[in-house]
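Sequence positions, counted from 1, serve as the residue numbers for this chain. In what follows, every heavy atom counts, from backbone to side chain, and hydrogens, waters and symmetry copies are set aside.
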Amino acid sequence: MKDKLKIIPYYTGCGTLQEASKNKKARELLWLEILLNDSIAWKTKLSTGSFRKSYKKACLWYGNFVSFINAHIKRAPLKAVHGHIDAKDYRKFVEAITFVSN
């Protein structure tokens, strides 16, 4: 089964992870895709540096906003990492979770 992206196609037009890995904007949104889309086996893709970095960022956001995420979407838990998040990404996070929860 193909990996079904939920967020990246609407922001970039990239329909597959392979396309997304070659697109700068899509790579910048990969953490959101990981955070809000548990239909893809992300742990199997961690051999690539950009996936590893995005996965760690998704786990950080999950750790800081787990209650908020669980209130809006159903997903399998990520590893909850607590720490400092970049507030500049908050608007993207809220916009994306609103999009996938509708």
Side-chain angles (χ1 to χ4, degrees):
M1 184 173 116
K2 277 193 166 181
D3 296 328
K4 178 77 170 129
L5 300 173
K6 293 181 179 180
I7 296 166
I8 290 175
Y10 296 97
Y11 285 92
T12 66
C14 296
T16 66
L17 281 174
Q18 186 176 15
E19 288 176 45
S21 68
K22 296 174 185 172
N23 180 291
K24 183 180 185 234
K25 186 172 183 178
R27 287 191 310 269
E28 291 171 0
L29 295 170
L30 186 57
W31 69 276
L32 279 169
E33 190 73 48
I34 295 167
L35 181 62
L36 303 175
N37 182 357
D38 68 346
S39 68
I40 297 173
W42 296 109
K43 286 187 176 182
T44 64
K45 309 206 180 300
L46 298 180
S47 61
T48 306
S50 62
F51 281 100
R52 246 188 333 272
K53 182 179 175 185
S54 295
Y55 188 83
K56 287 179 184 178
K57 185 173 180 177
C59 290
L60 180 63
W61 278 81
Y62 183 80
N64 282 283
F65 291 98
V66 64
S67 296
F68 185 75
I69 292 166
N70 289 338
H72 286 83
I73 63 169
K74 296 203 183 302
R75 67 148 297 125
L78 280 171
K79 179 181 174 185
V81 176
H82 298 279
H84 178 73
I85 57 167
D86 188 345
K88 293 183 290 186
D89 289 327
Y90 184 75
R91 184 188 60 78
K92 282 189 259 184
F93 166 69
V94 171
E95 185 178 293
I97 199 166
T98 301
F99 175 74
V100 297
S101 66
N102 287 329

Of all pairs that satisfy side chain to side chain donor-acceptor pair (under 3.5 Å), the ones with a partner from residues 41-68, not counting sequence neighbours
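Listed once each, the pairs are D3-K45, K57-D89.
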Here the side chain to side chain donor-acceptor pair (under 3.5 Å) pairs for residues 75-85, sequence neighbours left out, are none
Determine the minimum heavy-atom distance between [X] and [Y], stating which atoms define it.
X	Y	value
K4	S39	O-OG, 3.7 Å
I8	A20	CG2-CB, 4.1 Å
C14	A26	SG-CB, 4.2 Å

So, taking the atom named [atom1] in [X] and the one named [atom2] in [Y], what distance separates them when rounded to the nearest 0.5 Å?
X	Y	atom1	atom2	answer
L30	T12	CG	OG1	10.5 Å
F51	I34	CZ	CD1	7.0 Å
I73	D38	CD1	CG	7.0 Å

Practice prompt. Report yes if the side chains of V100 and N37 come closer than 4.5 Å at any heavy-atom pair, otherwise no.
Written response: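 Not touching, per the 4.5 Å side-chain cut-off.
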Which residues share a side chain to side chain contact (heavy atoms under 4.5 Å, CB included) with F68, sequence neighbours left out: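 With sequence neighbours excluded, F68 shows a side chain to side chain contact (heavy atoms under 4.5 Å, CB included) to F65, H72, F93, I97, given in chain and number order.
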Mind checking what makes side chain to side chain contact (heavy atoms under 4.5 Å, CB included) contact with A96, not counting sequence neighbours?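 In terms of side chain to side chain contact (heavy atoms under 4.5 Å, CB included), with neighbours along the sequence ignored, A96 is linked to I7, L32, L36.
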Output all residues satisfying salt bridge (Lys or Arg N to Asp or Glu O under 4.0 Å) with E95, sequence neighbours left out; order by chain, then residue number.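 Salt bridge (Lys or Arg N to Asp or Glu O under 4.0 Å) check on E95 returns R91.
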Applied to residues 22-31, the salt bridge (charged side-chain N to carboxylate O under 4.0 Å, His left out) test, sequence neighbours excluded, yields K24-E28
side-chain contact (heavy atoms from CB on, under 4.5 Å) evaluation trace for L17 with I40: CA-CA 10 Å; L17 281 174; I40 297 173; 4.2 Å; yes
Please answer whether the main-chain N or O of V66 pairs with a side-chain N or O of N70 as donor and acceptor at a distance below 3.5 Å.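 Here the side-chain-to-backbone pair exists.
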